[in-house]
Every structure is written in structure tokens, then in C-alpha cells.
Amino acid sequence: MVIFLKFLHFAALALALGGGVANIVLGRQLATAEGAAKPVVTAAQRTLARVSALSLLVLWVTGIGLVYAYYGGWSGFGTAFWGKIAVAAILTVNMGVAQHLMSHARKSGTPPPKAVRAMGLAGPVLLLVIVALATMAFSY
Ligand code: HEM
């Protein structure tokens, strides 16, 4: 059971990061896409952003599960672990705001604000920072 939690933690990480990188690649394609291709690319981007956001939710659920399963609670963790949690919280706000802006733009039929692009770029960078902090936190 605990090993399954850990597997889900890693699988969600792979999906979140893969979705984020694919979205950056599609964003570059969008810049040169013409006509009918544009809505196809943006729809794919929206789906990928949702996959990454759901994966982040799975990371929180499985991460909290791992804290209790392996460590019996929240005491005894060092700075790297708390740094990881802090950056994960920043990433969660980043993704939440991006999701909100995208759904607002979709409903109002306008293109998403430029800030969404920056948020999309920040996602994979923050995820890699979290992986680095996780590696430090759990290397003894
Ligand atoms: C949000 C993005 C997250 C990413 C990218 C991430 C990534 C990782 C990685 C790469 C590891 C393996 C570290 C290693 O064994 O060297 C790990 C382990 C772990 N993560 Fe996360 N994590 C995330 C969120 C969380 C959250 C929110 C929590 C807790 C609330 C959490 C709790 C844990 C725990 C307890 C382990 C250690 C499991 C063990 O001892 O083997 N993670 N995480």
C-alpha cells in the first residue's frame, strides 16, 4: 500500500512535469500557427494544463499520505523538506491562478492574459526546484 502511494507520487510528478514541458513546446508552436490550427493547439494546451493541475493535487494527497506512512507525522523534518513544501504551495497558487484565468478567458471568448504564459513557464521550473529539494530532504 505504501509502495503504491510512493508509485503514485512519482507517476504524478512525471505527468505534471511532462504536461508542463509539452505545454511550453505547444506555446512555441502557437506563436507561428495559423488559421484553424490555433484553436486546436489552445485546446490541447488547456487539457495539458488540467492534467498537470490534477497531478499536482495527486502529489499533495500522496505526499501527505507518505508523511504519515513513513514518518508518522510532521515532526523531525529539516529545512529542505519545508522548503519543498513552501515551493509546492507557491506552485499550487501559480497553477490555481492560471487555471482560473484560462477558464475566465474561455468563458468570455477572449485570449488568456499574457501572465498565463509566464505561469506556464514557471510550472516546470518550480517542479524541478521541488525535485531538487526532495532529493536533499531524503538523502541521508
Ligand atoms: C508538489 C510537487 C512535489 C514533487 C515534485 C515531489 C517530488 C518528490 C520526489 C522526487 C521524492 C523522492 C525523493 C527521494 O527519495 O530522494 C519525494 C518524496 C517524498 N515526498 Fe514529495 N513531491 C511533491 C509534493 C509533496 C508534498 C506536498 C508532500 C507532503 C505534504 C510530499 C511528501 C513527500 C515525502 C514524505 C517523501 C518521502 C518518501 C520516502 O521517504 O521515500 N511531497 N517527493
Side-chain angles (χ1 to χ4, degrees):
M1 178 62 194
V2 181
I3 284 196
F4 185 60
L5 264 188
K6 202 165 170 174
F7 162 75
L8 282 180
H9 202 65
F10 290 143
L13 163 60
L15 277 177
L17 193 55
V21 171
N23 229 337
I24 293 172
V25 173
L26 283 180
R28 295 180 70 90
Q29 294 295 323
L30 187 63
T32 54
E34 282 173 22
K38 272 186 188 280
V40 176
V41 176
T42 41
Q45 283 195 300
R46 246 194 330 268
T47 306
L48 284 168
R50 217 170 292 145
V51 167
S52 287
L54 279 176
S55 302
L56 183 59
L57 182 67
V58 174
L59 276 163
W60 275 104
V61 173
T62 54
I64 291 169
L66 286 168
V67 166
Y68 286 100
Y70 279 124
Y71 303 98
W74 298 93
S75 55
F77 288 116
T79 317
F81 176 81
W82 292 113
K84 166 183 157 149
I85 296 297
V87 182
I90 292 168
L91 176 63
T92 307
V93 172
N94 181 65
M95 278 200 185
V97 172
Q99 284 290 322
H100 174 76
L101 291 174
M102 279 188 296
S103 86
H104 186 264
R106 192 183 181 193
K107 278 179 200 144
S108 59
T110 52
K114 284 213 161 53
V116 171
R117 187 172 173 271
M119 287 171 176
L121 288 173
V125 174
L126 291 173
L127 271 168
L128 287 176
V129 171
I130 294 168
V131 172
L133 288 167
T135 310
M136 286 192 267
F138 299 109
S139 299
Y140 305 101

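For ligands, and for the atoms within them, numbers begin at 1 and follow the listed sequence.
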For ligand 1, indicate whether the residue [X] contacts it via side chain, backbone, both or neither (heavy-atom separation under 4.0 Å).
X: I85; result: side chain
X: I130; result: side chain
X: V67; result: both

Look only at interatomic distance and state if [X] has a nitrogen or oxygen under 3.5 Å from any nitrogen or oxygen of ligand 1.
X: K84; answer: yes
X: S139; answer: no
X: W74; answer: no
X: Y71; answer: yes

Exercise for the section: From the options A134, G65, A137, select the one whose nearest heavy atom is closest to atom 13 (C) of ligand 1. Expected result: A134
Handout entry: Heavy-atom nearest option to atom 12 (C) of ligand 1, drawn from F77, Y140, F138, F10
Key = F10
Practice task
Would you check if atom 21 (Fe) of ligand 1 lies under 2.8 Å from any N, O or S atom of A88?
Solution key: no
Practice task
Answer yes or no: does atom CZ of R46 have more than 12 heavy-atom neighbours from other residues, nucleotides or ligands under 6.0 Å?
Solution key: yes
Handout entry: Flag if over 12 foreign heavy atoms under 6.0 Å of OH, Y71
Key = yes
Problem - For atom 21 (Fe) of ligand 1: the N/O/S atom of H9 at shortest distance - result: NE2
Exercise for the section: Look at ligand 1 and say whether L56 reaches it with a heavy atom at a distance under 4.0 Å. Expected result: yes
